[in-house]
Amino acid sequence: MAAAALVTENFKFVSLFFKSKDVMIFNGLIALGTVAGQTAYNVFGFHCPCSSGRNYRYGLAAIGVPALAFFLVGIMMNRSTWDLVSECRLRKCRKLSGAAGFALLGTIVGRAVVAPLTWVVISLLQGEAYTCALSEFVDPSTLEGFPSGHGKEVMARFPCRGSVPEDLEGFWVEIERRLKYESQLIGWLLVAGMSVMVFLMLCMKRCCSPLGYQQEDYWSQYRCSEKILFERTAGVHARLLAAENIKGFFGFVALNKEEKEQLAEHQSATPICSTNWNRVTGVYLYREKNGLPLYSRLNKWATYTVENNVDAMEQEMDMLSL
């Protein structure tokens, strides 16, 4: 029973990646943007050096370096990355089990690899970079009628039309066909592997999630609404607090019509203590209190604050490490 509970708990993190329709749409837009960028790069920016030794490095760099850049940007843009960093910085990861942390790290990486894998797959399906990189390694003896005495230097020049002797130009069609076959085969195998992996993860998510589909959908909507309202309210709060401080310094503050209406409606904004900021920041596991769900750290903070039971809130948070 304990092992089953642990597995269920850890897969709650995995479900965060797949449970939101907005996430899937966002991933689709990332993939489409990557396809457009890759196509533009092949048209305007890819130029094979057609030199032995350089072809291989240039071809691999054309596939790998943009993929690495996309991956790092995906890591940085993922809010869960900074939740995990905050969790480790504020609580030294004491309240996050190793398995749960690993699962959360998996969801971060899973989101971040969408653009890199799309770039790699499209590069392989188009075949330009692979053909450039591997052209010098084609064995001339496997080409019927190819003259002997030509090494890597000549084979590396084939991707550049007109850079090889005229009597050898006819072999380029066969070389290109062979290399693009290999490139596209690897690309389709990668697509198949990714599809199977996504399918298995979706199955595990459905089987291991303690929540029903409707409640998961509600949880997703709650998190989205809370994020939008929190950011909007934080912006107004910061603006009002800044207005009060500026008015205290200058004796007046220049506000536009909307800001004046906000100031008249809310009167003032008091600073929020760091302790409360820290309580609503970091990694969150789904919890329930007396049978009622707590959908986020903010939801938990509000519930225990209304009850004026801060000690119980801290004690419940300690349970995350058990």
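Computation of the quantities below employed the complete heavy-atom set of this structure, encompassing side-chain atoms and omitting hydrogens, waters and symmetry-equivalent molecules. Remember, it's a predicted structure, so these values are computed and weren't measured experimentally.
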d(Gln215 CD, Asp217 CG) to nearest 0.5 Å is 11.0 Å
Would the number of heavy atoms belonging to other residues, nucleotides or ligands and lying under 6.0 Å from OH of Tyr295 be above 12? yes
Using the rule that two of Ile, Leu, Val, Met, Phe, Trp, Tyr join whenever any of their side-chain heavy atoms come within less than 4.5 Å, decide whether Ile272 and Leu298 are in one cluster. yes
Hey, quick one: are Val113 and Leu190 part of the same hydrophobic cluster, counting side-chain heavy atoms closer than 4.5 Å, chains of contacts allowed? yes
I'd like to know whether OH of Tyr181 has more than 12 heavy-atom contacts from other residues, nucleotides or ligands below 6.0 angstrom. no
So that I can tick it off, tell me whether Glu136 and Arg157 are bridged by a salt bridge, with the cut-off set at under 4.0 angstrom between side-chain N and carboxylate O. no
Rounded to the nearest 0.5 Å, what separation is found between the OG1 atom of Thr107 and the CG atom of Leu105? 7.5 Å
Assign the ring pair Phe230 / Trp277 to parallel, tilted or perpendicular, where the plane angle (0 to 90°) is split at 30° and 60°. perpendicular
Using a 4.5 Å cut-off on heavy atoms from C-beta on, say whether the side chain of Asn299 contacts that of Tyr222. yes
Measure the NE2-OG1 distance between His237 and Thr270 for me, rounded to the nearest 0.5 Å. 5.0 Å
Do the side chains of Val121 and Val196 join up, straight or via other hydrophobic residues, at under 4.5 Å, putting them in one cluster? no
Check this for me: does any side-chain nitrogen of one of Glu226 and Arg223 sit under 4.0 Å from a carboxylate oxygen of the other? no
Nearest heavy atoms of Ile75 and Thr81, plus distance in Å: O-OG1, 2.7 Å
Below 30° counts as parallel, above 60° as perpendicular, anything between as tilted: where do the rings of Trp119 and Phe70 land? tilted
Does CZ in Arg178 sit with more than 12 non-hydrogen atoms of other residues, nucleotides or ligands closer than 6.0 Å? yes
Quick one: CD1 on Ile186 to CG on Leu125, what's the gap to the nearest 0.5 Å? 11.0 Å
So Glu265 and Glu261, do their side chains get closer than 4.5 Å, heavy atoms only? no
Side chains of Phe71 and Val109: closer than 4.5 Å at any heavy-atom pair? yes
Spatial distance of atom CZ (Arg239) from atom CD1 (Ile246) [nearest 0.5 Å]: 11.5 Å
If you apply the rule disulfide bond (SG atoms under 2.5 Å apart), what do you find for Cys50 with Cys132, and how did you get there? CA-CA 7 Å; Cys50 296; Cys132 174; over 6 Å; no
Does Tyr218, at its OH atom, have more than 12 non-hydrogen atoms belonging to other residues, nucleotides or ligands within less than 6.0 Å? no
